[in-house]
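This report concerns only the one structure given below.
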Amino acid sequence: MNTCLGIELGSTRIKAVSIDEAFQPVSSGDYTWASRFENGVWTYPLEEVWTGLKAAIAQVEDREHVAAMGVSAMMHGYLAFDRDWNLLTPFRTWQCTITGPAAAELTELFGFNIPQRWSAAHLYQALLNGEEHLAGIAHITTLAGYVHYMLTGVNAVGIGEASGMFPIDSAALDYDAGMLAKFDALPKVQGLSWKLRDLLPKVLTAGTPAGTLTESGAALLDGLLAPGIPVAPAEGDAGTGMTATNAVAPRTGNVSAGTSIFSMVVLEKPLKQVYEEIDLVTTPTGAPVAMVHCNNCTNDTNAWVGVLGEAARLFGADPTPGELYTKLYEKSLEGDPDCGGVLVCNYLAGEGVTHMDAGRPLAARTPESRFTLANFFKAQLYATMSTLKIGMDILAKEGVAIDSLTGHGGLFKTPMVGQSYLAAACGAPVTCMETAGEGGPYGMALLAAYLLRREEGERLEDFLSRRVFAGASGTTVPPSPALAEGFNTYIQRYQALLEVERAAVEHL
C-alpha cells in the first residue's frame, strides 16, 4: 500500500501524518517544541527543526511505502541566507511585532495591506534599520521554504505560502510585478546589488512537481525516508488548513484555532478597500482569500487549565489534561450567553488586528458581574475568538458571503463547544470533521496525494470534493440566536477592555 506523507512544523508541535490510497490517516508522529523570545525576537533554532523532524518521522510506521510527500510550516516570518545558504540572522517568526514602520510604509505604497509578520515587511524593516546581515543576503524564505530547499535542492514555495511573503497576482499566479517594481524603486533599495525577485523563492501552484527528496536531503533525516520521493510544493499552515477542511472554493472558509487563530474565506470578488485587519492571500491554487490572522488564541486558556488542574490536585484528584479540558469546556456551556459580565483578554503577544505591539493577559469584571466558573471559562473561550470576530465583522460589512465554515485545531477537540461559540461569533454554520484536531499535516498529505494522483485538468476543489471528502462524516452547528446576541454584547465590552489592555501594556 502506497502512502502520502504530510509534515507540518507548527508553533507548538512538529507533526507527520501518512494517509492511504483512500485518503485516510494511517500513522502519525510528533515532536513538541516552543518558540523563544531572544533579543526582542520570537525565534526557533534551526538545529531543533531537524531534531524535531526526525523524531516525528521516526514514529510514522509505514515510511518505506511513502510515494509522495510535502512540507508545511507556520506561515510568514523571515529567514535570510547568503549565496551558500548560511543563515545570516536568527529566524524571525510570525509572532514578532517589530516591523511596524516597514509594514505601514509598504501598505501605503502598494495600496495593499502588508502585515507586520510578512517576509517583505521584515526585509524592509531590516533595510530601514541598516542591519549588517543585509550585506551578504542572497535568499529570503519561510520555514517551510527552507526545509523544502534542504530536502530537495529546489528553492520554491507553494503559491499560498508565497502569498504570505509578498502580494500575489492571482491572474499571473506569481508575485505582483507592479508591486515588485515599486519595492525596488524605494530609496533604501535603489543601488543595491539585488532586486527583490532575486531574493524570493519561485512560486508553484498545487499539483506542480517541486523536486524529489535528494540523497543529501535523506541524509539530513538520517535515512528515515528513501531518496527519490516526489515532493509537493511547500505550503503554509493556512493552505494546508484550507485543504484539510475542503475549503478552497469561493464562499467557503475555515478557521484554524490553536496557538494562533485565523480564518480563511475564499472570495468571489475583491474587497472594496484596504483594511489593516485583513490579509489578502491565496489558496494553494492561487485563488484570492481574505485572511483574518490573530496571534493569540489558546495559550492563556492553557495556562488557566494548568492552574485549575493544580487546584484539583490539592484535593487529591488527578485529572488528565484531556479530562480537564473536556470538563472545563463542557462547564462553559452552563454560562450566560454574555459571560455574565466577566471579561478576558488573552493577549500574551502583540496583536495586529487590534494594533497592539505586546500583550498582557487580563481577566476583568465589574462588581455586579456573575463570577462563576462557567462564566469565567466561557469568557476564556470567547476571548480566543474575539479578535477574530472583529475582523470577520469587517468582512460581513463588506458583503462577503460565507456559505460554510469548517473549524480545525485544538480549540475544537471537545465536541460542539468551540464549534457553537465560533458559529455565534461569525454568524455562519460551522462544521468539524473527524480530523478537526489535526488539520495541518493531514492537509499537506492531501496536497502530496493531489500531486501524485490528480487527473489531467482536475482542479484541487474537485479532487477534494469528489474524491477525498465525498461522504465524509462531521458535525455542523448553525449559529444560536441566543449565543450570537450574547457574543455581540460580550464583544462590545471586550472592545472597551482593549483600552485597559493598552494601559496594561504601557504600565506593566
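Everything numeric here is computed off the predicted structure, so don't read it as measured data.
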Would Glu458 and Arg467 pass as an ion pair if we require N to O under 4.0 Å?
yes
Quick test of your reading of the model: are Asp462 and Arg454 salt-bridged, counting only N-O distances below 4.0 Å?
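Salt bridge between Asp462 and Arg454, a charged N being under 4.0 Å from a carboxylate O: no.
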Which residue is it: Thr298, Thr414, Asn302? I am looking for the one with a side-chain hydrogen bond (donor to acceptor under 3.5 Å, both in side chains) to Tyr325.
Asn302
Ring pair (Phe, Tyr, Trp, His ring centres under 6.0 Å) with Phe37: which residues, sequence neighbours excluded?
Trp42
Ignoring hydrogens and geometry beyond distance, is a side-chain donor-acceptor pair present between [X] and [Y] at under 3.5 Å?
X: Ser332; Y: Tyr421; answer: yes
X: Gln380; Y: Thr301; answer: yes
X: Asn295; Y: Glu351; answer: no
X: Thr3; Y: Ser18; answer: no
X: Thr431; Y: Thr476; answer: yes

May I ask you to test the [X]-[Y] pair for a side-chain heavy-atom distance under 4.5 Å?
X: Tyr31; Y: Lys15; result: no
X: Phe377; Y: Leu381; result: yes
X: Leu483; Y: Lys378; result: yes

Under the side chain to side chain donor-acceptor pair (under 3.5 Å) rule, collect the residues that match up with Asp403, sequence neighbours excluded.
Arg251
For the rings on Phe166 and Phe112, is their centre-to-centre separation under 6.0 Å?
no
Check: Phe81 ring centre within less than 6.0 Å of Tyr146 ring centre
yes
Can you list every pair that meets salt bridge (Lys or Arg N to Asp or Glu O under 4.0 Å) and has a residue in residues 213-225, with sequence neighbours left out?
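Checked against salt bridge (Lys or Arg N to Asp or Glu O under 4.0 Å) - neighbours excluded - the pairs reaching residues 213-225 are Lys54-Asp222.
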